[in-house]
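Notes follow the structure.
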Amino acid sequence: MKIAVTYENGMVFQHFGKSEAFKYYETDEWGDIVAAEVKSTDGQGHGALAEILKENGVDVLICGGIGQGAQDALAENGIEVYAGNAGAADGVLLAFLAGKIEKQDVKCDHHDHEHGEGHACGEHGCK
């Protein structure tokens, strides 16, 4: 399985559409991590990110906040979304692999505000 985590300075980045990098993890059939790498999005944003993940063979996305349009684009590409996460990317991935992260109905409406550093989903209209 290939898993992508929105990534910035070792942490889960909190705004999917503005992600400048993803950390990609590849697991074997037993759920062990066999490879990990950080890749830039090369300045691409919002609509292009679902295509980048598809091109990289991603099965699962783990992120902080994400809008409905992005969720729909990812679903159309067969990518499962686990949103509403925060903390160290490696730690969140390990929690996911251990079955401790569930899918949440997280929608981030960034049109009414700008997300700054330290934004946590659940604030400013994010549900």
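A quick note: this is a predicted structure, and the numbers were derived from the prediction, not measured.
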Self-check item: Pairs meeting criterion salt bridge (charged side-chain N to carboxylate O under 4.0 Å, His left out) with involvement of residues 80-94, two or more places apart
Solution: Lys23-Asp90, Glu80-Lys103
Quiz item: Mind checking whether Val60 and Leu94 sit in one hydrophobic cluster, side chains of I, L, V, M, F, W, Y counted as touching below 4.5 Å?
Solution: yes
Quiz item: How long is the span from the CG atom in Leu49 to the CZ atom in Phe22, to the nearest 0.5 Å?
Solution: 4.5 Å
Quiz item: So which heavy atom on Ile101 is nearest to which on Val92, and how close?
Solution: CD1-O, 3.3 Å
Self-check item: Closest approach of Ala83 to Gly64 (non-hydrogen atoms, all atoms of both residues)
Solution: CB-O, 3.5 Å
Practice problem: Would you give the length of the straight line joining atom CG of Leu53 to atom OG of Ser19, rounded to the nearest 0.5 angstrom? | Solution: 8.5 Å
Quiz item: How long is the span from the CG atom in Asn77 to the CG atom in Asp72, to the nearest 0.5 Å?
Solution: 11.5 Å
Exercise. If a pair satisfies salt bridge (charged side-chain N to carboxylate O under 4.0 Å, His left out) and one of its residues is in residues 39-49, list it, with sequence neighbours excluded.
Key: none
Quiz item: So how far is it from Ile66 CD1 to Leu74 CG, rounded to the nearest 0.5 Å?
Solution: 5.0 Å
Self-check item: Nearest heavy atoms of Ala36 and Tyr25, plus distance in Å
Solution: CB-CD2, 3.9 Å
Quiz item: Should the heavy atoms of other residues, nucleotides or ligands under 6.0 Å from CD of Glu51 be counted, would the total exceed 12?
Solution: yes
Exercise. Kindly indicate whether the side chain of Val5, heavy atoms from C-beta on, has any atom under 4.5 Å from the side chain of Phe13.
Key: no
Practice problem: Locate the shortest heavy-atom distance separating Val38 from Ala21; write the atom from each residue and the value. | Solution: CG1-CB, 4.1 Å
Practice problem: Return each pair, listed once, that meets salt bridge (charged side-chain N to carboxylate O under 4.0 Å, His left out) where at least one residue sits in residues 26-37; pairs must be two or more places apart or across chains. | Solution: none
Quiz prompt | Ile79 versus Val58, closest heavy-atom pair with distance | solution = CG1-O, 3.4 Å
Self-check item: Sole residue of Val34, Ile3, Asp59 in side-chain contact (heavy atoms from CB on, under 4.5 Å) with Thr27
Solution: Ile3
Quiz item: Taking the six-membered ring for Trp, are Phe96 and Tyr82 parallel (under 30°), tilted (30 to 60°) or perpendicular (over 60°)?
Solution: perpendicular
Practice problem: Evaluate the side-chain contact (heavy atoms from CB on, under 4.5 Å) criterion for residues Asn85 and Thr6: first the C-alpha distance (whole Å), next the side-chain angles of each, then the deciding distance (0.1 Å), finally the verdict. | Solution: CA-CA 10 Å; Asn85 296 288; Thr6 53; over 6 Å; no
Practice problem: Can you see which heavy atom on Val12 is nearest to which on Cys63, and at what distance? | Solution: CG1-C, 3.8 Å
Exercise. Kindly check if the number of other-residue, nucleotide or ligand heavy atoms within 6.0 Å of CD (Glu102) is above 12?
Key: no
Quiz item: Has Lys2 got its NZ or CZ under 6.0 Å from the middle of the six-membered ring of Tyr24, at an angle within 45 degrees of the ring axis?
Solution: yes
Exercise. Would you kindly confirm whether Leu61 and Met1 end up in one hydrophobic cluster when ILVMFWY residues are joined by side chain heavy atoms under 4.5 Å apart?
Key: no
